[in-house]
Amino acid sequence: MAEIRIQLPDGSTKTFDRPVTPGEVAASIGSGLARAALAAKVNGRVVDLDHPITEDTELEILTSKSPEALEVLRHSCTHLMAQAVKRLHPEAMLEDGPPTEEGFWYDIRTDPPLTPEDFPAIEKEMRSIAKEALPIERQELSREEAYRIFKERGEKYKLDLIERIPEDDTISTYRQGEFIDLCRGPHVPHTGVFKAFKLLSVAGAYWKGDAENEQLCRIKGTAFPTKQELDAYLQMLEEAKRRDHRRVGRELELFMHHEWAPGEIFWLPKGHLMYRQLSRMMSDLCRQEGYDEVFTPLLFKADLFKVSGHWEHYREDMFLFDDKDENQFALKPMNCPSHMLIFREKKRSYRELPMRIHDQGVLHRNEASGTLSGLTRVRQFCQDDAHIFLAQEQIEDEITALIGLVKRVYDLFDMQFSKVCLSTRPESYLGEKESWDQAEKALSNAIEKNQLDCTINEGDGAFYGPKIDFIVRDCLGREWQTATIQLDYQLPARFELKFINRNNEEEMPVVVHRAIFGSFERFFAILIEHYGGNFPVWLAPEQVRVLTISEKHEGYAQEVYEQLQSNGIRAEKDFSAEKIGAKIREGRMKRVPYLLVVGEKEASSRTLSVRSQQKGDLGSMPLGSFLEWINREKSAVF
RNA sequence: GCUGAUGUAGCUCAGUCGGUAGAGCAGCGCAUUCGUAAUGCGCAGGUCGCCGGUUCGAAUCCGGCCAUCAGCUCCA
């Protein structure tokens, strides 16, 4: 028999005179490695440790330190959990359980549904299975055999999964003790490797992601190679909760909700001030970028939406009602139709293009009650919305500039996109295939020019045009769409828009829908979590707080306070009878960027002791120097 | 909208077996005048989400509704 040469990552080679498994290779290198091994990478593919190697290969033994092994560990942990659930609830039916970025989940049908109260028992059973150190064995089998096994076990969801496996794919199962699961693997070698896992939540999930189907229990959990890593992760989750915009919003009195206005926001003085700052910043920016700002009606006769297509495609999400004369009215869910009317109001020339209209108007969408959440999903909101009317050949330059603008704005807040997606022509689309191709090309060229790392969502565009979406994460890792750039051939056609081109002919413009923040509400939420409430000075509702050591210094402190006020600084004062430690604590908890301590020393030398929220005690300085300092920070954006 | 959970003072949360409501913080008052994350004492504060039912009696048990939370479907 020919020798098998196995090349290891350090460049060394091992030869064997018979087929081997990665586990055996690991053992031949050292018993420590064999113990630490969770999986292996053979010619770049992650496989089980008992995967047979019959020819020359490149091999890497994966231990808990590699990200691929972590994924395998978590995937295997779904089986551990499923086995535990089956032991405790033999009637449970399993669907699917993949690893995720932060852990794993498994969709399971039980009757009654599982609740968090079941977690301790399941975790206990999981620990006991881990203790049993059951070997995990792969078996490849025929479709019929697989079908028979899961039919016998009453696993109807597994049968459906088998039917959905493509013809020529290998079907495999993994067995550990009495438990068997349909799975392509790979998996860890035995259940003894699980040292640190935790079940986190349970929620409903529609079977096959279809709202028409029954719901299964999605149990989410996470697993790590060591207890320390698990604890660190759980602590990180706790800290993320402290940054949650709903919590910070309440603590800092930025906004509130009331059960009589579900999905709507009461902006309290401090939050409203910040909202206005953001709004003003965006208005200024848009003006600089050649946009004209407008404000348009909130309430329209249904006729408008019949023309725009919203009546047909969006009515379910709109607030509708009749006036006294029984005309049907709707609150606008988007600004685009009004902007079409503005464009159409008079004859337009090619000289006006690109014509850019910015609108921060109030929008209402009747979102399903279960989707509402804090500031991220609301029923009334404003966007930094704009529509750009342009000629087909202007698309690429305009989009290139737009992407640049989006990047500039997010840089300003030190924010990064977790994803940028280009969504292309869907199966059912409107307009000419040629103009779609051209538009998609223009978008991808613009993306390239801006060196954006972009995922292509084939066929995921809107029916009216392709689009680029910008996604950011909140503190809990959930993804939200914020900025968006969408091309539209549909609305110009429906509203019969035209302009007179260079050749004195009528030509239809293309419309670009774009938003940079997306909605102010959602962007606000993400900003809060991004900064953890520690806003930059230009945005902070209270920029400075003057604290007195004792009431003897109130005279001077008042003078300082008035000077700050007259210099346009948003200052507050705390002249209460508390000790300075308590006042500092209070000011820190309210995230005031600068606390100015005024006592005997400061009063006699006419200075201030400055304490920065970010940098701590900065020592004392004259008021003039502080004003200079804070004004520089304040103008960081404007 | 769907599944599950939750709803007690402004906030965070106790409240056992069904017997009529409790803490800390915040607030208010008084004392303290203090040097960089909590001074002390006192007072006040509740239609136990709402409606109905069971019961001699309901925060507690049952039903309906509302809201919130975790997800799902959908979306900025």
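Looking at A:R377, its side chain comes within 3.5 Å of the base of B:C74 through a donor and an acceptor atom. Residue A:E253 places no side-chain atom within donor-acceptor reach of the base of B:G10, judged by atom type and a 3.5 Å distance cut-off alone. Scanning atom types as modelled, no donor and acceptor separated by under 3.5 angstrom connect the side chain of A:S201 and the base of B:A70. Side-chain atoms of A:Q215 come within donor-acceptor range of the base of B:C2, with a qualifying N/O pair under 3.5 Å. Applying the 3.5 Å distance criterion, the base of B:U68 shares no donor-acceptor pair with the side chain of A:S373.
A:G581 comes within 4.0 angstrom of sugar-phosphate atoms only, judged by non-hydrogen atoms across all strands, and of no base. Residue A:E214 is classed as having no contact, given no heavy-atom separation below 4.0 Å to the nucleic acid.
With B:C2, B:A37, B:C74 as the choices, the nucleotide that has an atom nearest any side-chain atom of A:R585 turns out to be B:A37. Each of B:U3, B:A37, B:U36 was ranked by its minimum atom distance to the side chain of A:P113; first place goes to B:U3. Side-chain atoms of A:S519 lie closest to B:A76 of the nucleotides B:A76, B:U33, B:U36. For A:K601, whose side chain is taken as the heavy atoms from C-beta onward, the closest listed nucleotide among B:U39, B:C72, B:G35 is B:G35.
Between A:Y594 and A:F626, the distance separating the two ring centers is shorter than 6.0 angstrom.
In this entry B:U55 has no Watson-Crick or G-U wobble partner, no candidate having both defining distances under 3.5 Å. Nucleotide B:C17 is matched to nothing when pairs are restricted to Watson-Crick or G-U wobble geometry with both distances under 3.5 angstrom. Nucleotide B:G27 is matched to B:C43 when pairs are restricted to Watson-Crick or G-U wobble geometry with both distances under 3.5 angstrom.
Both tests pass for A:R74 against the ring of A:F224: distance under 6.0 Å to the centre and angle within 45° of the axis.
For the pair A:V610 and A:S576, both in contact range of RNA chain B, the more 5′-proximal nearest nucleotide belongs to A:S576.
Using a 4.0 Å cut-off between charged nitrogen and carboxylate oxygen, A:D160 and A:K156 do not count as a salt-bridge pair. The pair A:R218-A:D107 meets the salt-bridge criterion, with a side-chain N (NZ, NE, NH1 or NH2) lying under 4.0 Å from an Asp/Glu carboxylate O. Taking a cutoff of 4.0 Å between a charged side-chain nitrogen and a carboxylate oxygen, A:E542 and A:R591 do not qualify as a salt bridge.
OP1 or OP2 of B:A70 lies within a sub-4.0 Å distance of a side-chain N or O belonging to A:R246. The phosphate of B:U12 (OP1 or OP2) has a side-chain N or O of A:R250 nearer than 4.0 angstrom.
By the criterion of a centre-to-centre distance under 5.5 Å and near-parallel planes under 30°, the ring of A:F381 forms a stack with the base of B:A76.
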